[in-house]
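Reminder, nothing fancy here: chain letters follow the sequence lines and each chain counts from 1.
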Protein chains: 2
Amino acid sequence: MASEQAAGTSGRRGYHHGDLRNALTEAAVERARAGGPQAIVLRETARASGVSSTAAYRHFANHHELVVAVKDRGLAMLAATMRAELAAGEPCPDPGDEALRRLRAAGLGYVRFAFAEPGLFRTIFHGVTEGDPMIGRRQAAAAAGDGEGHLPGTPDESEESYTLMSQALDELVVLGRLPAERRKYSDVVMWSAVHGLSVLLLDTELAHLPDEIKADIVRRGIDVALNGL
Amino acid sequence: MASEQAAGTSGRRGYHHGDLRNALTEAAVERARAGGPQAIVLRETARASGVSSTAAYRHFANHHELVVAVKDRGLAMLAATMRAELAAGEPCPDPGDEALRRLRAAGLGYVRFAFAEPGLFRTIFHGVTEGDPMIGRRQAAAAAGDGEGHLPGTPDESEESYTLMSQALDELVVLGRLPAERRKYSDVVMWSAVHGLSVLLLDTELAHLPDEIKADIVRRGIDVALNGL
DNA sequence: ATCGAATGTGCGCAGTGTCAACATGGGGTT
DNA sequence: AACCCCATGTTGACACTGCGCACATTCGAT
């Protein structure tokens, strides 16, 4: 049969695609962006890549792994958005102010991403019920308190979005803007604050509020968290 | 045919069930408790109620409405848990302290419910993409600022869990423990704080942390929010 | 007693995730 | 350069889902 498939992103020259795993992931990401995690359907993703449904099983053990691949991309984009937000504002002269600015910017970037890519954001935090979103790599060898700031069982490496906020907090401690005793769970609390804001303003009655008000709420929420710390 | 179905919860005497809507909802709630929103599958729910799949469509327009019914039950249970938490601690003599205690208890109850019923909690906040969790009743007739505390587009009536926190905040203002200017988005911020904590400690690497540490984090998170307000 | 509206049943359709058996051809070995 | 292996794709099928349609049963007003 000579049916040249309309090769979407990366062409397929012959029987073998050459880069199917990527093509599938990208197609899945596109679906997730448009319709959230539920929109990631393996068969259609394969179809969109001009390939048979079962071909996907050569690159993903099952549907869930496809979703995980999308999550990873989403996480990367989240981190990118946060980094962009960091780079956007101009640095403050005082190192303490600068660290605080970075922390605030990181949080703002987090929420901004959620608003800009709700489908991906929802996909990142979805379908747990047995180990998922940032869960997975490395068992929680959790024996409490390693004395330092980081608590065990935390998504350190490989979770840039988390790291960005955590580092800013470390700086604040070094610069004396945050008492060391209060450092302990600050990263999680900060993360939880911006995450809560994102989810509520996205998946709740509050989603109907006009954008300006949402922005006010986000500002207020972040300020409250920073003050409280 | 004389096949007496093993009528699960509420018996079915004959051809007509008598209370199918409730039976279906309860069965669905049970599935959701065990497996989250994804576990709510219409056909099986009908099967569990000893009834044909399509019978469900006499009581729910579609699968989504079944899920909504479960959400409503979940919301009610959430409120109940929060109320229980309020009643648990003994009231403080000073009215200001008491209001603060209530606010903290409400937040704690929220998180406690999330931990106690993760399946229901996840179901409550799930599958949006077009109007859902507390969204739905009444369009956001949102014209900003009615001057008073409540902002338009907020789940006031019918959302007891929200009301509990909101009322405590109102009391704090009346008792002079919270400046009126800062009242404005405090309810949303408080809600978002406890929601963020719940989600992260439930659906994230952090879920692997030992319970005591989670409890510490929750305490810290709530304290930060209260301080920040 | 009768008849219409609720309510429940069976069957079928489209679509999904997944498996097993088979086809293809690119790359390393000779 | 010829050869064969095995990673990669393909077809077909199974079990399951949500949902619509036509039909059966029964409850409650008349």
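A donor-acceptor pair under 3.5 Å links the side-chain atoms of B/Thr81 to the main chain of B/Met77, judged by distance alone. Side chain of A/Arg31 to main chain of A/Ala27: a donor-acceptor pair is present (N/O by atom type, distance under 3.5 Å, no hydrogens or angles). With B/Lys214 contributing its side chain and B/Ala207 its backbone, the two residues share a donor-acceptor pair below 3.5 Å. Judged by distance alone, with hydrogens and angles left aside, the side-chain atoms of A/Arg21 form a donor-acceptor pair with the main-chain N or O of A/His59 at under 3.5 Å.
As a whole-Å value, the separation of A/Asp19 CG from D/dT8 P is 11 Å. Note: CZ (B/Arg21) to P (C/dT7) measures 11 Å, nearest angstrom. In this entry the distance linking CG of B/Leu24 with C1' of C/dG8 reads 11 Å, nearest Å. Rounded to an integer number of Å, the gap from B/Leu20 CG to D/dC27 P is 14 Å.
In this structure, CD1 in A/Ile217 is found 6.0 Å from CG in A/Leu206, a value given to the nearest 0.5 Å.
For A/Asn62, the side chain to side chain donor-acceptor pair (under 3.5 Å) test picks out no residue, with sequence neighbours left out.
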Shorter than 3.5 Å, N or O on both sides, protein versus nucleotides 22-24 of chain C: list them out with atom names.
| from | atom 1 | to | atom 2 | distance (Å) |
| --- | --- | --- | --- | --- |
| C/dA23 | N3 | A/Tyr15 | OH | 3.1 |

Under 4.0 Å protein heavy-atom contact, by nucleotide of nucleotides 13-19 of chain C - B base, S sugar-phosphate only: ---BBBB
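Not one side-chain nitrogen or oxygen of B/His17 sits closer than 4.0 Å to the OP1 or OP2 atom of C/dA6. Here B/His59 reaches the OP1 or OP2 of C/dG8: one of its side-chain N or O atoms lies under 4.0 Å away.
Classification of the A/His195-A/Trp191 ring pair by plane angle, with boundaries at 30° and 60°, yields perpendicular. Aromatic ring orientation, A/Tyr110 versus A/Phe121: perpendicular (interplanar angle above 60°, classes split at 30° and 60°).
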